[in-house]
2 protein chains.
Amino acid sequence: MAQYSETWMKLLAADGCRQTPARRVIVDILLESPRALEPMEVFSAGRERLANLGLVTVYRTLEKLEELGLVQRVHHHGGCNLYLRATNAHEHLLICSHCGKAEYFSGDNLSALMADITRTTGFAITEHWLQLFGTCPACTRSGEVIHA
Amino acid sequence: MAQYSETWMKLLAADGCRQTPARRVIVDILLESPRALEPMEVFSAGRERLANLGLVTVYRTLEKLEELGLVQRVHHHGGCNLYLRATNAHEHLLICSHCGKAEYFSGDNLSALMADITRTTGFAITEHWLQLFGTCPACTRSGEVIHA
DNA sequence: GTATTATTGAAAAGAGTTTTCATTATCAAT
DNA sequence: ATTGATAATGAAAACTCTTTTCAATAATAC
């Protein structure tokens, strides 16, 4: 994902944002992470690279990146304050309940279901959320997962 | 939904809970609502029926009802602090983006998709969330929905 | 009725997020 | 390169939502 770092910075610039060290650090962390992160996690990781990074800047940058569609919030059992790089395609999330690893997949075809629901309920469906939870290959192998 | 009020109270009693006015009010409000509610909304509505109801009691009752599987938290764009009566069957949610009206539906068959994803990703899938958003018939008719 | 103990509401504490504000740093125009 | 306009920053304060604490009260079993 690291190769997208510069792309994101340019997209930010195109939106009128300045390219600052703080933003670079935050962008890099998000692009490097295999799982969705809380603002505080981004902050902690960021502090290791930029000594006096502010938590407020993390919040502001996440907000801007979400606005630009580069990251998305991830909902899960514990809340909905996790941020993950978004993909452009029409894809859905698959999340490991053990390590949090997030993977995108596509290939769902829910159009038949949609049509069926429109017919029976009268709702005009505009959006759908599909999210899967499970155990990733690495966690399955490690055997640490007892609640699989 | 009002006919379930007594059922819920009995289920609470079976769990060792006492039947108090505060709980009755909260249970009734949840069962009467066509949409998922925030704790504060339950509290406001509850105060109209029980003058000195405490917000804390609302939180505690919602927690207990969720524990018993009678209500569930609903995730949406703005957060995940909405509570809605749950259904027993394996159903999914359909929510009106305009008025919030929630409806359950069943009939999805995602097993083929699951099998496909298990094969390609190696994830052992344990759970899936499917939630649809759209405009309900009433809101469509009222014509108030411009962003349909 | 009485004793036991779950439940209550108010207040305080806590966690997470947003706002305010003076200072600093980026970028565009020289 | 220098300068000026202003976006961005970090610290502190404010704010919202939720949980904990605690003494008083009320529901249930006997």
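Lettering follows sequence order; numbering is per chain, from 1.
Contacts with DNA chain D (heavy atom under 4.0 Å) in residues 38-57 of chain A: A:Arg47, A:Asn52, A:Leu53, A:Gly54, A:Val56, A:Thr57, listed by number. Contact check of residues 58-78 of chain B against DNA chain D (heavy atom, cut-off under 4.0 Å) returns B:Tyr59, B:Arg60.
Taking B:Phe43 as the reference, nothing meets the ring-ring contact (aromatic ring centres under 6.0 Å, His included) condition, with sequence neighbours excluded. Residues that satisfy the side-chain contact (heavy atoms from CB on, under 4.5 Å) test with B:Leu50, not counting sequence neighbours, are B:Pro21, B:Ala22, B:Val25, B:Leu53. Shown here are the side-chain contact (heavy atoms from CB on, under 4.5 Å) partners of A:Glu127, two or more places apart in sequence or in another chain: A:Trp129, B:His77, B:Phe133. The side-chain contact (heavy atoms from CB on, under 4.5 Å) test applied to B:Pro137 returns A:Phe123, B:Arg141, not counting sequence neighbours. Shown here are the ring-ring contact (aromatic ring centres under 6.0 Å, His included) partners of A:His128, two or more places apart in sequence or in another chain: A:His90, A:His92.
Contact detail for A:Arg85 and A:Pro34: the closest heavy-atom pair is NH2-CA, 3.9 Å.
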Detail all sub-3.5 Å separations between protein N/O atoms and N/O atoms belonging to nucleotides 1-4 of chain D.
none

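Inter-axis angle, ends of the helix from C:dG1-D:dC30 to C:dT30-D:dA1, five pairs per end, rounded to 10 degrees: 40°.
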Any chance you could list the contact pattern along nucleotides 23-30 of chain D? Use B for base contacts, S for sugar-phosphate-only contacts and - for none, protein heavy atoms under 4.0 Å, 5' to 3'. ---BBS--
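Here the range on DNA chain C touched by chain A, meaning any atom under 4.0 Å from one of its heavy atoms, is C:dG16 to C:dC27.
Every pair passing side-chain hydrogen bond (donor to acceptor under 3.5 Å, both in side chains) that includes a residue from residues 26-41 of chain B is listed here, sequence neighbours excluded: B:Ser5-B:Asp28, B:Glu32-B:Arg49, B:Arg35-B:Glu41.
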